[in-house]
2 protein chains.
Amino acid sequence: MPKQATQDIETRIAALLKRCDLSVTESRRKILHLFLEQPGALAHGDIERKAGEKFDRVTVYRTLQAFVEKGIIHTIPTADNSIRYALCKDECSGGHHHDHHVHFVCSQCDNTYCLDDVVTPDIKLPKGYQAEHVEVVVEGVCKNCKG
Amino acid sequence: MPKQATQDIETRIAALLKRCDLSVTESRRKILHLFLEQPGALAHGDIERKAGEKFDRVTVYRTLQAFVEKGIIHTIPTADNSIRYALCKDECSGGHHHDHHVHFVCSQCDNTYCLDDVVTPDIKLPKGYQAEHVEVVVEGVCKNCKG
DNA sequence: ATGAAAAGGCAACATAGTTGCAAAATCTTA
DNA sequence: TAAGATTTTGCAACTATGTTGCCTTTTCAT
């Protein structure tokens with residue numbers, strides 16, 4: 001990879017952090033890198049394994065928490081009780097989330113993807129219930145695993 | 001409450017357990033009772049708190065696990081990483097689940113409800129993705145909290 | 001009533017997540 | 001760019017959550 005490109009990524013990461021009022025530290029850059037390198041979502045465990053040799057567990061927790069608060073990443077609910085995080089699209093970073101897309105979990109490779117172009121449907125609820133937010137997680141076979 | 005009714009519930013609980021090839025024990029009866037007494041879903045923590053004085057933590061885990069395997073209860077994914085369980089409708093107990101309904105989490109009272117009559121919508125996925133199961137969780141204000 | 005089989009309790013362990021505090025890194029501004 | 005204020009980190013200790021093996025108790029079938 002050309003040095004130019006790497007430089008660009010570092011610059012973009014730093015800019016993103018500053019825009020979010022977060023100081024630019026090694027752990028934050030490293031963890032953001034993990035997300036950028038990877039198309040799917042990351043479980044906390046993944047991140048800890050990949051960044052954990054260099055950083056303390058507590059730092060990983062606090063970093064992810066800060067990223068969620070600032071709208072850099074969002075959480076994806078799963079049935080197996082393992083929180084997964086994925087990068088928000090740029091519009092989120094402003095402050096409030098626009099997290100209206102569908103998530104997809106592959107039952108074969110276990111990767112989780114944000115289907116940014118698939119918006120969550122309106123759900124018709126029984127009388128008396130008032131919807132504020134709809135979460136949709138589809139389980140199935142992803143593009144790569146479908147032979 | 002008349003003795004008759006209580007007797008009936010106990011009988012139904014015992015019958016359900018037997019139908020599922022589970023021996024009728026005190027902890028299983030107690031935990032099933034908790035679900036029947038309550039309209040919404042129960043988090044593991046709730047159950048442990050309510051049944052935990054009488055039963056060991058491990059027993060609660062194993063009981064819930066057995067119930068899920070037999071299709072007596074099902075799990076509901078949540079964003080806050082706390083597994084919630086709810087009774088399946090009778091048809092589930094046969095063996096395979098018919099868990100195609102929408103779940104509702106109240107942001108005020110934090111109760112979780114199965115909206116048994118609201119079926120999960122079809123989601124149109126990008127080319128290459130193949131859906132097997134769709135999970136929908138709606139967050140909002142429930143019937144009781146909506147003033 | 002009795003013995004086989006299943007379930008429960010206990011202990012010990014593994015993993016996940018939190019908190020307070022002192023040390024280190026980052027940022028500000030002069 | 002050096003110095004001080006501020007933020008972040010690492011460490012230690014702790015709570016909570018979940019798992020496993022083994023022995024005792026309960027349940028069930030006869």
Side-chain angles (χ1 to χ4, degrees), chain A residues 10-34 41-70 72-73 75-85 110 112, chain B residues 10-34 41-70 72-73 75-85 110 112:
Chain A
E10 287 305 323
T11 309
R12 281 200 302 143
I13 285 177
L16 174 55
L17 288 171
K18 281 199 181 122
R19 206 183 319 138
C20 294
D21 287 314
L22 294 171
S23 26
V24 181
T25 66
E26 211 187 331
S27 62
R28 287 175 182 164
R29 281 195 283 112
K30 169 69 176 171
I31 290 177
L32 265 187
H33 245 297
L34 292 179
L42 292 168
H44 180 96
D46 297 332
I47 300 163
E48 203 174 305
R49 247 167 276 125
K50 289 181 186 172
E53 290 166 15
K54 281 217 69 178
F55 306 105
D56 194 83
R57 271 163 23 83
V58 180
T59 300
V60 176
Y61 279 106
R62 290 198 272 227
T63 303
L64 291 172
Q65 194 178 301
F67 285 0
V68 169
E69 274 165 18
K70 297 295 183 180
I72 298 174
I73 59 178
T75 60
I76 302 169
T78 58
D80 69 338
N81 212 19
S82 72
I83 298 185
R84 298 185 180 217
Y85 301 91
D110 200 47
T112 302
Chain B
E10 287 305 324
T11 309
R12 280 201 300 145
I13 286 177
L16 174 55
L17 288 171
K18 281 201 181 121
R19 206 183 319 138
C20 294
D21 288 314
L22 294 171
S23 27
V24 181
T25 67
E26 211 187 331
S27 62
R28 287 176 181 165
R29 281 194 284 114
K30 169 70 176 172
I31 290 177
L32 265 187
H33 244 297
L34 292 179
L42 292 169
H44 180 96
D46 299 331
I47 301 164
E48 202 173 308
R49 248 166 276 125
K50 290 181 187 173
E53 291 166 14
K54 282 217 70 178
F55 306 105
D56 194 82
R57 269 163 24 80
V58 180
T59 300
V60 175
Y61 279 106
R62 291 198 270 227
T63 302
L64 291 172
Q65 193 179 304
F67 284 0
V68 169
E69 274 166 19
K70 297 297 184 177
I72 298 174
I73 60 178
T75 61
I76 302 169
T78 58
D80 70 339
N81 211 19
S82 70
I83 298 186
R84 298 186 179 216
Y85 300 91
D110 201 46
T112 302

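Just so we're on the same page: letters track the sequence lines, and every chain starts at 1. From a predicted model like this one, the values you see are computed outputs, not experimental measurements.
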Looking at [X], does any N or O in its side chain come under 4.0 Å of the phosphate oxygens OP1/OP2 on [N]?
X	N	value
B:T59	C:dA7	no
B:R57	D:dT17	no
B:T25	D:dT27	no
B:S23	C:dA7	yes

Could you tell me the separation between the [atom1] atom of [X] and the [atom2] atom of [Y], rounded to the nearest 0.5 Å?
X	Y	atom1	atom2	result
A:K18	A:L16	NZ	CG	11.5 Å
A:R28	A:F55	CZ	CZ	11.5 Å
B:I83	B:L42	CD1	CG	13.5 Å
B:I13	B:E10	CD1	CD	5.0 Å

ask   = Between the side-chain atoms of A:R62 and the base atoms of D:dG10, is any donor-acceptor pair under 3.5 Å?
value =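 Side chain to base: pair found, below 3.5 Å.
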
Using whole Å, what does the distance between atom [atom2] of nucleotide [N] and atom [atom1] of [X] come to?
X	N	atom1	atom2	result
A:E53	D:dG10	CD	P	14 Å
A:D56	C:dA24	CG	P	15 Å
A:H44	D:dT17	NE2	P	16 Å
B:L64	C:dA7	CG	P	14 Å
B:R28	C:dG9	CZ	P	11 Å
A:R49	C:dA16	CZ	C1'	12 Å
A:I83	C:dA16	CD1	P	12 Å
B:I13	D:dT27	CD1	P	15 Å

*asked:* For B:R84, is there an ion pair with B:D110 - N to carboxylate O distance below 4.0 angstrom?
replied: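 Salt bridge present between B:D110 and B:R84.
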
5'-most contact on DNA chain D: B:R29 or B:Q65, nearest heavy atom basis?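 So the residue in question is B:Q65.
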
From the list C:dG17, D:dA12, C:dG8, which nucleotide is the closest neighbour of the side chain of A:Y61?
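The closest nucleotide is C:dG17.
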
Review point. Out of C:dA11, C:dC27, C:dA7, which has the shortest distance to the side chain of B:L22?
Key: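 Of the candidates, C:dA7 comes closest.
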
By nearest heavy atom, map A:K18 and A:E48 onto DNA chain C; which one lands nearer the 5' end?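 On the 5' side of the pair lies A:E48.
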
